[in-house]
Structures are given as structure tokens and as C-alpha cells.
K.L.:
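My questions will all concern the structure given below.
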Amino acid sequence: MESPPWLNAPPVAEYPFDDTHDLRTGPDLHPALLGLLPYVGVWRGRGRGGYPTIEDFDYAQEIRISHDGRPFLNYESRAWLIEEDGTPIRRSAREVGWWRPVLADGEATDEIEVLLSQPTGIMELYLGRVDGLRVELATDAVLRTATAKEVTSGQRLYGIVEGALLYAQEMSAVGQPMSPHLSARLLRIGG
């Protein structure tokens, strides 16, 4: 049996295509993303979290929303717990995913699909609507590994308010009904 041609091929150069969170550089924004253009950028700020089964906590967060010219946005979030004065305590949640406008005949509708994955073993598929500077989402499916906490559904609301990215997240988890979990205000620091 012959070896596949790639088995002994030379190494390739680094990834040759640009992703950008700055609309002044890199590829042109795909026309289907024009309704989501205000979200493209790097955002950083603080928020407050809690849930019926845990104590309330303060956190800081950075969200990077970028694109590569195709009809979806790349979403990356990392958060860390902080003292009330902003002093970092420890790393917290991370998630990555994609925001995909639903297309009809090649044109964006007001519908959106959002896929998110977390290193805690949870993957969520959100369906929702874009209404001006507001994005409202609800889970269509939640998948989790055998060792992940039980999360059964979620809702998220994002909005651009006076130039800041605000959001609120609710979830149904560990036997609790849909309850507030996170909310934050993030300022644009790049893009």
C-alpha cells in the first residue's frame, strides 16, 4: 500500500489568511454581516454574576468579535474573577464560537444562529433575531459531556448602548428554572 502524498510532504507556512476585529484592516466585511457590523471589535469591561446555587461574584471580561470576509463572525470570550476594586482573583469562563446570520437568496435576514463552545464541556446552539443594535438569543440545543454541569437551556440579550456592548445571560441549570446568571458592560478597546 502506498503512503498518502501528504505523509512526507514538507511543512507549510503559517496560516496565510487574515482575521480582523478592525474594519480598517484585513478583508472586507461580507455584506451579510452589515447588520452585525457594530459588534465587530474588541470589548473589555466588568460585570456581575450569580445564580440561585452560588454566591454573587464580580468579573472582568474581554470579548473579541472578528471576521475573515466570509458570512460569519468569530466570537471569543475570556473572563476572570475580580475583587470589587478590580484586582484580579483568578481565571474564569472562556467560550468560542460563531455568529451566523441566516441567509435567504444570499441576503441576510433578521435571524441569527450562534454556536458557542466552552472548555467546561458545554456546547450551545442559539437561535435568535437581530433588531437594529439588539441581538436576542435562546438555546435551540445544549450538548454536554458526561462530566459537565447540567445546563438545559439559556437566553442571551446583547445590545450596543451609547457605544458600549451590554449583555445579560440567563440559564436553566442544575435543577433550577431559567434564572439570571451574568450581565456586563464592555467598552470598545479595539476595532
Side-chain angles (χ1 to χ4, degrees), residues 6 11-45 47 60-79 93-144 151 153-171 181-191:
W6 48 261
V12 296
E14 72 178 272
Y15 188 71
F17 305 103
D18 292 331
D19 281 15
T20 185
H21 63 270
D22 186 341
L23 297 172
R24 295 174 295 259
T25 64
D28 291 337
L29 187 72
H30 191 282
L33 298 175
L34 290 176
L36 295 168
L37 180 144
Y39 288 91
V40 176
V42 179
W43 305 87
R44 190 179 305 139
Q61 183 175 25
E62 182 177 285
I63 293 177
R64 179 179 302 265
I65 300 176
S66 59
H67 75 95
D68 68 3
R70 293 181 285 174
F72 59 84
L73 294 176
N74 181 20
Y75 174 93
E76 297 176 71
S77 169
R78 46 189 188 174
R94 289 192 81 152
E95 60 185 7
V96 297
W98 295 267
W99 289 24
R100 300 167 23 107
V102 174
L103 305 178
D105 298 322
E107 301 289 322
T109 66
D110 65 348
E111 296 177 58
I112 187 170
E113 303 165 340
V114 174
L115 298 90
L116 298 175
S117 182
Q118 301 156 15
T120 55
I122 297 169
M123 295 183 295
E124 299 167 302
L125 167 60
Y126 287 89
L127 302 179
R129 297 214 174 277
V130 178
D131 182 10
L133 298 176
R134 176 185 172 113
V135 176
E136 194 164 350
L137 305 168
T139 50
D140 183 57
V142 178
L143 300 173
R144 61 186 192 272
V151 175
S153 62
Q155 298 175 351
R156 296 185 185 207
L157 175 63
Y158 293 87
I160 305 294
V161 179
E162 297 177 355
L165 172 59
L166 277 65
Y167 76 87
Q169 178 181 346
E170 297 182 343
M171 70 178 178
H181 178 45
L182 302 171
S183 61
R185 179 175 181 267
L186 311 177
L187 302 176
R188 182 185 298 274
I189 60 159

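Computation of the quantities below employed the complete heavy-atom set of this structure, encompassing side-chain atoms and omitting hydrogens, waters and symmetry-equivalent molecules.
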K.L.:
In Å, rounded to the nearest 0.5 Å, how long is the span from CG of L116 to CD1 of I122?
P.N.:
11.5 Å
K.L.:
Determine whether L137 and Y158 satisfy the following criterion, side chain to side chain contact (heavy atoms under 4.5 Å, CB included), listing intermediate values before the conclusion.
P.N.:
CA-CA 8 Å; L137 305 168; Y158 293 87; 3.9 Å; yes
K.L.:
Measuring from atom CD of E124 to atom CZ of R156, what distance do you get when rounded to the nearest 0.5 angstrom?
P.N.:
5.5 Å
K.L.:
Just jot down the side chain to side chain donor-acceptor pair (under 3.5 Å) partners of R134, sequence neighbours excluded, or say none.
P.N.:
E136
K.L.:
Looking at T139 and G154, would you say the former's side chain and the latter's main chain have a donor-acceptor pair under 3.5 Å?
P.N.:
yes
K.L.:
Looking only at heavy atoms, what is the nearest atom pair of P71 and P101, with distance?
P.N.:
O-CD, 3.5 Å
K.L.:
Give a yes or no on this: more than 12 heavy atoms of other residues, nucleotides or ligands lie within 6.0 Å of atom CZ of R185.
P.N.:
no
K.L.:
Rounded to the nearest 0.5 Å, what's the gap from CD on E95 to CE on M123? Could you check?
P.N.:
13.5 Å
K.L.:
Please check if the side chain of D105 supplies one atom and the backbone of E107 the other of a donor-acceptor pair under 3.5 Å.
P.N.:
no
K.L.:
Going by the rule side chain to side chain donor-acceptor pair (under 3.5 Å), which residues pair with H67 if we only count those two or more places apart in sequence or in a different chain?
P.N.:
none
K.L.:
Is the closest side-chain heavy-atom distance between H181 and V151 below 4.5 Å?
P.N.:
no
K.L.:
Counting only N and O atoms by type, is there a donor-acceptor contact under 3.5 Å from the side chain of R94 to the main-chain atoms of E76?
P.N.:
no
K.L.:
Only counting residues at least two apart or in another chain, list the ones meeting salt bridge (Lys or Arg N to Asp or Glu O under 4.0 Å) with E170.
P.N.:
none
K.L.:
Considering residues at least two apart in sequence or located in another chain, which fulfil the ring pair (Phe, Tyr, Trp, His ring centres under 6.0 Å) criterion with Y126?
P.N.:
none
K.L.:
Under 3.5 Å, is there a donor-acceptor pair between the side chain of T109 and the main chain of A104?
P.N.:
no
K.L.:
Measure the spacing between CG of N74 and OG1 of T20 and express it to the nearest 0.5 Å.
P.N.:
11.5 Å
K.L.:
Mind checking the CD-CZ spacing from E111 to R100? Nearest 0.5 Å is all I need.
P.N.:
12.5 Å
K.L.:
Quick one: CG on L166 to CG on L133, what's the gap to the nearest 0.5 Å?
P.N.:
11.5 Å
K.L.:
Can you name the side chain to side chain contact (heavy atoms under 4.5 Å, CB included) partners of A184, sequence neighbours left out?
P.N.:
Y59, Q61, Y167, L186
K.L.:
So which heavy atom on A108 is nearest to which on A32, and how close?
P.N.:
CB-O, 3.3 Å
K.L.:
Tell me if a side-chain donor or acceptor on R188 pairs with a main-chain N or O of P38 at a distance below 3.5 Å.
P.N.:
yes
K.L.:
How about L36 and L29: do any of their side-chain heavy atoms sit closer than 4.5 Å?
P.N.:
no
K.L.:
Tell me whether the count of non-hydrogen atoms from other residues, nucleotides or ligands lying under 6.0 Å of CZ in R144 goes above 12.
P.N.:
yes
K.L.:
Kindly assign one of parallel, tilted or perpendicular to the pair Y75 and W99, based on the angle between their ring planes and the thresholds 30° and 60°.
P.N.:
parallel
K.L.:
Please report the closest heavy-atom contact between L73 and V40, naming both atoms and the distance.
P.N.:
CD2-CG2, 3.8 Å
K.L.:
Just jot down the side chain to side chain donor-acceptor pair (under 3.5 Å) partners of D68, sequence neighbours excluded, or say none.
P.N.:
R70
K.L.:
Checking side chain to side chain contact (heavy atoms under 4.5 Å, CB included) for the pair I160/W43: CA distance, chi angles, key distance, verdict?
P.N.:
CA-CA 11 Å; I160 305 294; W43 305 87; 3.9 Å; yes
K.L.:
Any carboxylate oxygen within less than 4.0 angstrom of a Lys/Arg side-chain nitrogen, looking at R24 and D22?
P.N.:
yes
